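Scope of the values below: all heavy atoms of this structure, side chains included, with no hydrogens, waters or symmetry mates. Everything numeric here is computed off the predicted structure, so don't read it as measured data.
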Amino acid sequence: SIFMLGEEMPEMGVKNPKAYGGTPVSFYLYVNDVDAFWKRAVDAGARPVMPVADMFWGDRMGKLEDPFGHAWAPAQHMKDLTPEEMQKGAEAFFAQMQTA
């Protein structure tokens with residue numbers, strides 16, 4: 001998909017997410033090499049929110065906030081899992097979250 005994000009233009013009524021105290025939207029973006037994408041984004045000024053990690057649904061992803069306040073979740077699909085494997089992974093993930 002092709003999309004465009006523009007700069008804040010208050011005179012046109014266009015504000016960036018920081019003007020609203022954050023964004024209600026995040027972009028889940030599939031890329032060919034999430035680790036290389038992550039490094040380029042951070043080097044360009046993005047703020048890491050959640051580090052890149054392997055997820056229970058088969059993607060490797062992380063979360064970033066760009067300098068304008070937009071939220072990004074770059075991801076790379078690593079492996080196909082059965083519904084049973086995803087369920088088991090989800091249970092382990094959420095159990096770990098409750099003990100953290």
Side-chain angles (χ1 to χ4, degrees):
S1 297
I2 297 173
F3 62 94
M4 182 179 112
L5 292 175
E7 296 177 348
E8 179 177 51
M9 295 182 288
E11 67 281 1
M12 302 283 293
V14 178
K15 298 177 182 178
N16 72 37
K18 291 180 179 180
Y20 298 103
T23 180
V25 176
S26 68
F27 298 97
Y28 198 96
L29 181 68
Y30 280 105
V31 298
N32 291 328
D33 183 341
V34 71
D35 294 292
F37 180 95
W38 182 271
K39 181 176 180 346
R40 282 193 320 271
V42 171
D43 288 349
R47 180 180 66 85
V49 175
M50 185 182 92
V52 174
D54 295 335
M55 297 294 147
F56 64 84
W57 57 88
D59 288 354
R60 181 166 173 75
M61 61 86 66
K63 293 184 181 179
L64 299 161
E65 181 181 292
D66 72 24
F68 306 100
H70 300 286
W72 298 86
Q76 178 180 352
H77 187 67
M78 303 303 286
K79 59 185 172 182
D80 294 325
L81 300 170
T82 66
E84 294 79 19
E85 289 170 322
M86 279 192 266
Q87 180 64 37
K88 185 177 178 182
E91 290 169 1
F93 177 81
F94 289 111
Q96 179 185 13
M97 297 268 303
Q98 291 177 354
T99 61

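Clustering ILVMFWY residues whenever any of their side-chain heavy atoms sit less than 4.5 angstrom apart, transitively, puts Phe94 in the very cluster that holds Met50. In the hydrophobic clustering of ILVMFWY residues, with side-chain heavy atoms under 4.5 Å counting as a link, Phe27 and Val31 come out together. Both Val42 and Leu29 are assigned to one and the same hydrophobic cluster, defined by single-linkage of ILVMFWY side chains at heavy-atom distances under 4.5 Å. Met86 and Met97 fall within a single hydrophobic cluster, where Ile, Leu, Val, Met, Phe, Trp and Tyr side chains are chained together by heavy-atom contacts under 4.5 Å. Residues Phe37 and Val49 do not share a hydrophobic cluster, defined by chaining ILVMFWY side chains whose heavy atoms lie under 4.5 Å apart.
Listed by chain and number, the residues in a side chain to side chain donor-acceptor pair (under 3.5 Å) with Asn32 amount to none (sequence neighbours excluded). Glu65 is linked by a side chain to side chain donor-acceptor pair (under 3.5 Å) to Arg47, counting only residues two or more places apart in sequence or in another chain. Residues passing the side chain to side chain contact (heavy atoms under 4.5 Å, CB included) test with Thr23 are Pro17, Val25, Ala71, sequence neighbours excluded. With sequence neighbours excluded, the residues forming a side chain to side chain contact (heavy atoms under 4.5 Å, CB included) with Ala73 are Tyr28, Met61, Lys63, listed by chain and number.
Looking at every heavy atom in both residues, Trp38 comes nearest to Pro74 through CE3-CG, 4.2 Å. Nearest heavy-atom pair, Gly45 versus Pro67, reported as atom, atom and distance to 0.1 Å: O-CG, 3.5 Å. Between Asp59 and Tyr30, the shortest heavy-atom distance links the atoms OD2-OH, 2.6 Å.
Applying the salt bridge (charged side-chain N to carboxylate O under 4.0 Å, His left out) test to pairs two or more places apart or on separate chains, those with a residue in residues 20-40 are Asp35-Arg60, Lys39-Asp43. Contacts classified as salt bridge (charged side-chain N to carboxylate O under 4.0 Å, His left out) and involving residues 23-32 (residues at least two apart or in different chains) are not found. Among pairs with a residue in residues 2-22, none fulfils salt bridge (charged side-chain N to carboxylate O under 4.0 Å, His left out), at least two apart in sequence or across chains. Within the structure, salt bridge (charged side-chain N to carboxylate O under 4.0 Å, His left out) contacts touching residues 78-99 (residues at least two apart or in different chains) do not occur.
Atom NE2 of residue His70 and atom CG of residue Leu64 lie 13.5 Å apart, to the nearest 0.5 angstrom.
Under a cut-off of 6.0 angstrom, the local environment of CZ in Phe56 is crowded, with over 12 non-hydrogen atoms contributed by other residues, nucleotides or ligands.
Here Met9 is tied into one hydrophobic group with Met12, Val14, each link being a pair of ILVMFWY side chains closer than 4.5 Å.
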